[in-house]
Amino acid sequence: MTTTTAEESVSASLETATIKSWKAPIAYAIFTLIAIVLFVVNGRDGSSRFRLSSEADLIQLPVIDAPTRLTCVVVVVLLLAITAYATWLSSQAKRVPLWLTIIFAAAFMWAFLTWAAAGESIPITGLLLGTVALSAPLIFGALGGVISERVGVVNVAIEGQLLAGAFLSAFVASVTGNPWVGLIAAMVAGVLVSFLLAAFSIKYLVDQVIVGVVLNVLVAGLTSFLYTTVLTSNTPLFNSPPRFPRISIPILSEIPILGPVLFRQTVIIYFMYVAVIVVWWALFHTKWGLRLRAVGEHPQAADTVGIKVNATRFWNVALAGAIAGFGGAYFTLGSVGGFTKEMTAGAGFIALAAVIFGRWDPIRATLAALLFGFATNLQNVLGAIGSGVPSEFLLMLPYVVTIFAVAGLVGYVRGPAASGKPYIKA
Amino acid sequence: MSDVTAPTAPAGNEPQKTTQPEAPRGNQVLADILNGSFVITILAVVFALLIGAVLIAVTDEDVQAAAGYFFAAPGDTFSAIWQSVSGAYGALFQGSIYNFRRDSFVDGIKPLTETLTFATPLIAAALGIGIAFRVGLFNIGGRGQMLIAAACAGWVGFSFELPWGVHLAIAVIAGIVGGALWGGIVGLLKARTGAHEVILTIMLNYVAFYLVSWMLRTPGLLQAPDSVNPKSPAMLETAVFPEILGPKYNLHLGFIFVIAATIFAWWLLNRSSLGFQFRAVGENPNAARVAGINVKNTYVQAMLISGGLVGLAGVMQVLGTVTTGFSAGIDAGIGFDAITVALLGRSRPWGIFAAGVLFGAFKAGGFAMQAAEGIPIDIVTVVQSLIVLFIAAPPLIRAVFFLPKQGKPKRLKLNVSQEVAAK
């Protein structure tokens, strides 16, 4: 697998050279092998039921009842066919398209669900609902990461921004009794962390990854310290924020499967839909986005045409912090309620993975975040119905998939060219 | 992000010094002392402790009560502040260096040995992370490497009955190999596929955590027999690090290992040809490739060594600190603390050693402070991260303490406006 060096030399010399990348077929083959061992050799009998709607829905869909062993065999044959097709594509030096990977992943997931749910029933709506809930902070964090890295500042501090947002939103919402004020406080908290990141990385030229890592530690320590000394001293006053209620959007919320998942949510989730679309549109279709990307790709060129590089960086990193901080509010105002020590539990790092997995694109990063949320929630659902798989392996799944994706499918990712490098005017 | 280099002082400073020949010699010496990294380090620690003092004072209930009638009796507020801050830092000192309340020197010095005990795994892990830094790799995977190493060393430690000495050696080697392999996966994947090491190490942390958790609750693997808790059996006597200062102190043989590891790291980086390759790749991978260094192999070797040293920290946790059987939290956050230690030590082996002792002192003293004064140990985390931040930004420290500025060719606001005006 010397493809990466091949790619590099090709871009320098020959435009017509063909590159045979075997990464995708190899990754497919490994997963197909896992599928054969797990679902066919170690196959289970019985039938797996998938519930598509809950009792509260207006339109009731029938329960799908699938014979476990037969379904698994059929899907594994499909996986084999996809692997063979991908191998053929690679041997012809053609790219393996993304949709093939999506079909492969979906088929694998379907086989896995069928296998795990032998003799049980899986609530599909609940599975997807939990996915959205668990993904929400990841998506906000990933959006903040995308903006920050696109403008040229590596944002490892997403975890700190989420945690600061969660802390301050819980505190302010409790004291004022108004979740909307808490939401604004969450953004302020994220911006404050961003200011530190921007000041140290842009003004003092400290390595951006280092600042990010240290800020995470700083915010974790600070919030834990204040939690113990302040919040717990008077929990009813300082740490019992009101939560946002779920709002059902009429008509839309009655769409089968999607309605309950997407349109019976808290206002934070609705903001999330807007944020994803706005960030994507603004990044690629507005003057602001063009300038931002120019600063991140080639600051010197941007400076030459009169864009203030460091000011652009500073304020966009602040914006990124506001978005990530907003996501932090979901932990307190959207789901749990009160703040607890280190309640983000590594979500910021997963968001960072989603940024890179999604190749610095807001939509792809959102999809990656949804994938992580899905895998985490899958463990909850399967844990509840008691499948034969040890829960640790299900919990491990998203991380293993990410490793495979980063190593095999995404391959040599190229971020914004100037990301991580301070700009010093000559 | 791939080109993270060792955190050194801003690069522009060295050549600038040679362009200032006019300054008198005495001034030059004074300026060098004031701007030297040692003074900056001390001042950064002082400044971080000051901010910590503010936090302690503001959250102290007596101070809040006294501040309520500040204008009536301001002295009360100040004495309350003094009480809380001096109490806290006094406890920190007595818990980490010397306890004056004890009668004899033998008892009084115990906190210092506690400091060294806490420093032992920190230094080992930070050496590993520092070596990766020097190659331009950011190893956030300390947690995973420590867990795997702890599982390997622990398994050897409790399941084989071997003679004294041999058992310990095999357990240590097993742990180091485990950590090295877990780190090596990262190097291999990065070299072969170009995957980003930050993502890989973060993901492998979780994989290792769940893997070890599963093994700890599965009978026949790591779980203690006739137990339902996810915990391993206690280590056998022959596999435990002996206490080097006698049973009165917790300091164990691992400390000697850590000194040896520091010497090894120093030799590796500064005296060996492999270390030269490491540093060359860390400075500029493209130039290193042109010079004939196999950059990909260097990544694999560096991650193997880095993982092995971090693994040594995991070994120390199981065979030195918690010998009564370990759970999935055996890493105790050392994998992440080690990053800050490596940064503070500027990725140089002896710098890391000193930084590790300092952070060990904070940890030992932090527990004493929490017990004596009721101040959460998290304040130590705050102070530690502030120290690293300040040390990384010498201009900030110079501004705070009114030190003379180093002539530096940084962008000036004036410059920008002039250019804009010229257009």
Side-chain angles (χ1 to χ4, degrees), chain A residues 1 4 23 154 156 196 200 203-211 213-218 220-230 233 306 308 310 341 346 349-350 352-353 356-357 390-393 395-396 398-400 402-403 406-408 410-413 415 419-421 423-425, chain B residues 1-5 7 10 12 55 59-61 138 140 185 189-190 192-196 198-200 202-207 209-211 213-214 217-218 336-337 339-340 343 375-386 388-389 392-396 409-411 415-416 419-420 423:
Chain A
M1 287 205 288
T4 49
K23 283 176 195 162
V154 173
V156 189
L196 281 178
F200 276 94
K203 179 146 176 24
Y204 294 115
L205 311 178
V206 185
D207 189 287
Q208 295 168 0
V209 178
I210 291 170
V211 185
V213 170
V214 176
L215 279 180
N216 287 338
V217 180
L218 177 65
L222 204 56
T223 50
S224 300
F225 176 75
L226 293 174
Y227 170 76
T228 318
T229 50
V230 179
S233 68
K308 287 179 181 161
N310 284 329
K341 268 189 189 185
F349 288 110
I350 303 296
L352 183 67
I356 299 176
F357 198 4
S391 62
E392 284 88 358
F393 285 95
L395 285 165
M396 211 190 281
Y399 309 112
V400 175
T402 309
I403 292 172
V406 174
V410 180
Y412 204 88
V413 289
S419 189
K421 298 188 186 82
Y423 179 64
I424 307 162
K425 203 166 180 141
Chain B
M1 295 206 297
S2 59
D3 45 16
V4 179
T5 49
L55 274 173
T59 53
D60 187 87
E61 280 173 9
F138 205 82
I140 312 186
I185 294 173
L189 285 176
K190 181 174 175 76
R192 290 282 170 162
T193 68
H196 202 294
V198 169
I199 304 273
L200 290 175
I202 293 172
M203 296 300 137
L204 282 174
N205 278 348
Y206 290 100
V207 173
F209 175 75
Y210 291 123
L211 194 65
S213 303
W214 173 72
R217 73 171 181 84
T218 309
F336 285 101
D337 286 350
I339 299 174
T340 41
L343 292 176
I375 295 164
I377 192 164
D378 305 300
I379 190 74
V380 168
T381 317
V382 176
V383 171
Q384 284 175 345
S385 48
L386 286 175
V388 177
L389 261 190
L396 178 72
K410 296 260 176 63
R411 67 204 164 86
N415 248 346
V416 178
E419 262 178 48
V420 171
K423 281 172 199 162

Novice: Go through B/V207, B/T381, B/I202 and name the one with the most non-hydrogen pairs under 4.5 angstrom from chain A.
Specialist: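 It is B/V207.
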
Novice: Measure the CD1-CG distance between A/I356 and B/L200 for me, rounded to the nearest 0.5 Å.
Specialist: 9.5 Å

Novice: Which of the residues B/L55, B/I185, B/I140, B/V388 is involved in the greatest number of heavy-atom pairs with chain A at under 4.5 angstrom?
Specialist: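 Most heavy-atom pairs within the cutoff with chain A belong to B/L55.
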
Novice: Are any of the side-chain heavy atoms of A/M396 and B/L211 separated by less than 4.5 Å?
Specialist: yes

Novice: Evaluate the criterion side-chain contact (heavy atoms from CB on, under 4.5 Å) for residue pair A/F225 and B/T59; output intermediate values, then yes/no.
Specialist: CA-CA 9 Å; A/F225 176 75; B/T59 53; 3.5 Å; yes

Novice: Could you tell me which portion of B/I379 (side chain, backbone, both or neither) has an atom closer than 4.5 angstrom to a non-hydrogen atom of chain A?
Specialist: both

Novice: Do B/F138 and A/V213 come close enough that some side-chain heavy atom pair is under 4.5 Å?
Specialist: yes

Novice: Taking C-beta and beyond as the side chain, do A/V400 and B/M203 meet within less than 4.5 Å on heavy atoms?
Specialist: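 With C-beta onward as the side chain, the pair stays apart.
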
Novice: If you count heavy-atom pairs within less than 4.5 Å of chain B, which of A/Y227, A/F349, A/F200 leads?
Specialist: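 The option with the most such pairs is A/F200.
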
Novice: Relative to each other, are the rings of A/Y399 and B/Y206 parallel, tilted or perpendicular (30° and 60° limits)?
Specialist: parallel

Novice: Minimum heavy-atom separation for B/D378 to A/G221, with atom names?
Specialist: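 For B/D378 versus A/G221, the nearest heavy atoms are CB-O, 3.5 Å.
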
Novice: Provide the closest heavy-atom pair for A/T228 versus B/P376 in the form atom of the first, atom of the second, distance.
Specialist: CB-CG, 3.6 Å

Novice: Pick from A/T223, A/T229, A/V230, A/L196: which one has the most heavy-atom pairs with chain B under 4.5 Å?
Specialist: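 With the most close heavy-atom pairs to chain B, the winner is A/T229.
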
Novice: Measure the spacing between CG of A/L218 and CG of B/L386 and express it to the nearest 0.5 Å.
Specialist: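 Answer for the CG-CG pair, A/L218 versus B/L386, is 5.0 Å.
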
Novice: Could you tell me which portion of B/L396 (side chain, backbone, both or neither) has an atom closer than 4.5 angstrom to a non-hydrogen atom of chain A?
Specialist: both

Novice: Side chain, backbone, both or neither: which part of B/I377 has a heavy atom under 4.5 Å from chain A?
Specialist: neither

Novice: If I measure from the heavy atoms of chain B, does A/F393 come under 4.5 Å with its side chain, its backbone, both, or neither?
Specialist: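 When you check distances to chain B, only side chain atoms of A/F393 fall under 4.5 Å.
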
